[in-house]
Every structure is written in C-alpha cells, then in structure tokens.
A.B. asks: 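Structure incoming, see below.
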Amino acid sequence: MTTGRTSAAPRPTAGALRLVEASTTRPRSVDISGYTRQMTAHCPYLAPSLQRGLTSWTVYRADGDAEAVQAELFHAGVQAAEWLRPLLNRPHGLLRCENIVLLGDVPHTRHRDLLAWPHWVLKNLYGPVGVMFGKFYAGEEEVTAAGHRTPAAPASFLPVRAAVRRRDPRFLAATPDLAAALAAADDDGRDVFENIPTEWKEIRTWARHLLPPAKPSPSSPHTPANPPPSTS
C-alpha cells in the first residue's frame, strides 16, 4: 500500500477518531443492509459490487473537537484512497468502494460541517488520479442528477471509489475545474502530496484557494468561513 506524506507528518489530532470497526462488508455497529439494497436502484455499479463483496465499510466514532475530527477524517480518506489506487486497474477494480463512516457527535457542529472540508480537500487531491469521493449525511435524503430522491442514509459517511469519467463530471457542475480534472484523470502513480503541505491547517488553506467564488450567505458561528460547495 502506498501512502501519502501525511502519514509521516506529526499528527497532534491522532485519536480524535476512534476505530469502531475495521474495513468489513458487513458492519455490526450500523445497519446498512436495507439502505444499500435501496441504493442499488440509483447506482448501477452498487449491485454487482455488493454481489462480489467489493463494497466495504470502516466505522469511526468522533472523540475530539471539530478541527481534530476533520483532520482525522482527512487522514482516513487518504488511507482509503491510497489503498484503492493500486486495485482500480485490476479485475472488477471499478466496482470497489470503501466507505468511511462517522458516528458520534461533536458539540455545536453538524456532521455536514465535519465532512465538508475533508471531502473538498480529498476530491481535489485525488480527482486528477481517478479517485472519487462523495458524502452522505445521517438521516438526510439526497437528490440525484436526474431529480430522484435517494433513501436517507443510516449514518454519515464518505464513499471512496473509482471515478467514472463519463458520468461523474456532471455531478460537479458547481466546480468546473474539478470536473475537468476528473474527466481527464489518469493515475500515473504520482505522489499527490508532492507539492502540498503536510499539516491539516496548511492543507485546508491550500484547498481554500481552489474554492469557486462564494455566494453571499448569512455567517454561522459553527460553519467555517467560505465553506466548500455542496457537491457530490
């Protein structure tokens, strides 16, 4: 397994996410069976992935403040992406999906806000090498590009999978540069951290420069200034 440089960087946030279950196709800490069954109607790749045991779930529980949990979600996303990268060109590689599940609460902070920055950073780092990140929130329905409502997720999670170059860019209309990078994605084995800082605060600052122009909106004391766009 290849790893990004963040694995060697000091991590004062380590421990802000407690591992509840290591990667498994049948988690016991959260009931996803009914949800995944319903979601097969919305994702053509999910049913064959489930049948081959290629959809897995790693479950964590928040045990820190908001910034520390964000940092650790980012690290968990890097681990998942680097584990997937060498597998995507193998047989059935396009059906592999690793899901990072977040349980527990952080005072005064929604899961939506905890996942927003890690999701944005990870999409920008790994989109150019063909790895796609999504995000779903516990108890919230989503609307597909075709306008169909998906079932409410039983827990908040970040799915990590191979990008589908002919389909996924259309989900990124709010971020055309990212959509273009994903459409032209090619994993040449590069170190995605070669020109990126190693500390979470610095990484987030780097990613802030990639944001599209923000729409004016009322500020919230619990939402980061100029938050990432709400894209899949």
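Just so you know, residue 1 is the first one in the sequence shown, and it goes up from there. Bear in mind the structure is a predicted one, so any value in this text is a computation, not a measurement.
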A.B. asks: Are Trp57 and Phe157 close enough, and set up right, to give a ring-ring contact (aromatic ring centres under 6.0 Å, His included), and what steps lead you there?
C.D. replies: CA-CA 9 Å; Trp57 306 77; Phe157 68 98; 5.2 Å; yes
A.B. asks: Test side-chain contact (heavy atoms from CB on, under 4.5 Å) on Glu67 and Thr109 and set out the steps.
C.D. replies: CA-CA 10 Å; Glu67 185 164 310; Thr109 308; over 6 Å; no
A.B. asks: Any idea which heavy atoms bring Pro151 and Gln38 closest together, and the distance?
C.D. replies: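 The answer is CB-OE1, 3.5 Å.
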A.B. asks: Once you round to the nearest 0.5 Å, how far does CZ of Arg11 lie from CH2 of Trp200?
C.D. replies: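 The CH2 atom of Trp200 is 12.0 Å from CZ of Arg11, to the nearest 0.5 Å.
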A.B. asks: Glu98: what forms a salt bridge (Lys or Arg N to Asp or Glu O under 4.0 Å) with it, not counting sequence neighbours?
C.D. replies: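 For Glu98 there are no salt bridge (Lys or Arg N to Asp or Glu O under 4.0 Å) partners, ignoring immediate neighbours.
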A.B. asks: Identify the heavy atoms of Ala68 and Thr13 that sit nearest to each other, and give their distance.
C.D. replies: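 What the structure gives for the nearest pair is CA-CG2, 3.6 Å.
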A.B. asks: Check Thr55, Thr40, Thr25 against Ser49 for a side chain to side chain contact (heavy atoms under 4.5 Å, CB included) and give me the one that passes.
C.D. replies: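 When side chain to side chain contact (heavy atoms under 4.5 Å, CB included) is applied between Ser49 and each of Thr55, Thr40, Thr25, only Thr55 qualifies.
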A.B. asks: Under the salt bridge (Lys or Arg N to Asp or Glu O under 4.0 Å) test, which residues partner Glu140, sequence neighbours left out?
C.D. replies: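 Glu140 satisfies salt bridge (Lys or Arg N to Asp or Glu O under 4.0 Å) with Arg112 once adjacent residues are dropped.
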A.B. asks: Donor-acceptor pair, Asp105 side chain versus Pro107 backbone, under 3.5 Å?
C.D. replies: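 Between the backbone of Pro107 and the side chain of Asp105 there is no qualifying donor-acceptor contact (under 3.5 Å).
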A.B. asks: Please say yes or no: joined through hydrophobic side-chain contacts below 4.5 Å, possibly via intermediate residues, are Leu102 and Val20 part of one cluster?
C.D. replies: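 No; tracing contacts between hydrophobic side chains, which count when under 4.5 Å, never links both residues.
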A.B. asks: With no hydrogens and no angle check, is any side-chain donor or acceptor of Thr24 less than 3.5 Å from a backbone partner on Arg26?
C.D. replies: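 Yes, Thr24 side chain to Arg26 backbone: donor-acceptor pair under 3.5 Å.
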A.B. asks: Could you tell me the separation between the CD atom of Glu21 and the CG atom of Leu103, rounded to the nearest 0.5 Å?
C.D. replies: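 Answer rounded to 0.5 Å: 9.0 Å.
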A.B. asks: With rounding to the nearest 0.5 angstrom, report the CG to OG distance, Leu114 to Ser156.
C.D. replies: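 Between atom CG of Leu114 and atom OG of Ser156 there are 8.5 Å.
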A.B. asks: List in chain and number order the residues that pass salt bridge (Lys or Arg N to Asp or Glu O under 4.0 Å) with Arg18, two or more places apart in sequence or in another chain; answer none if no residue qualifies.
C.D. replies: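 Arg18 satisfies salt bridge (Lys or Arg N to Asp or Glu O under 4.0 Å) with Asp63 only.
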A.B. asks: Would you name the heavy atoms of Ala152 and Tyr35 that are closest together and state the gap between them?
C.D. replies: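 That would be O-CD1, 3.5 Å.
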A.B. asks: Cluster question for you: counting only ILVMFWY and a side-chain heavy-atom cut-off of under 4.5 Å, with indirect links fine, are Phe74 and Ile196 together?
C.D. replies: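 Phe74 and Ile196: one cluster.
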A.B. asks: Specify whether Phe193 and Tyr126 have parallel, tilted or perpendicular ring planes, treating 30° as the upper limit for parallel and 60° as the lower limit for perpendicular.
C.D. replies: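 Ring orientation of Phe193 relative to Tyr126: perpendicular.
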A.B. asks: Rounded to the nearest 0.5 Å, how far apart are OG1 of Thr175 and CG of Asn124?
C.D. replies: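 Rounded to the nearest 0.5 Å, the OG1-CG separation comes out at 7.5 Å.
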A.B. asks: Testing the basics here: between Leu122 and Leu73, what is the closest heavy-atom pair and its distance to 0.1 Å?
C.D. replies: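 That would be CD1-O, 4.4 Å.
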A.B. asks: Arg85 and Asp187: side-chain contact (heavy atoms from CB on, under 4.5 Å), yes or no, with the steps?
C.D. replies: CA-CA 8 Å; Arg85 285 177 71 183; Asp187 194 348; 2.7 Å; yes
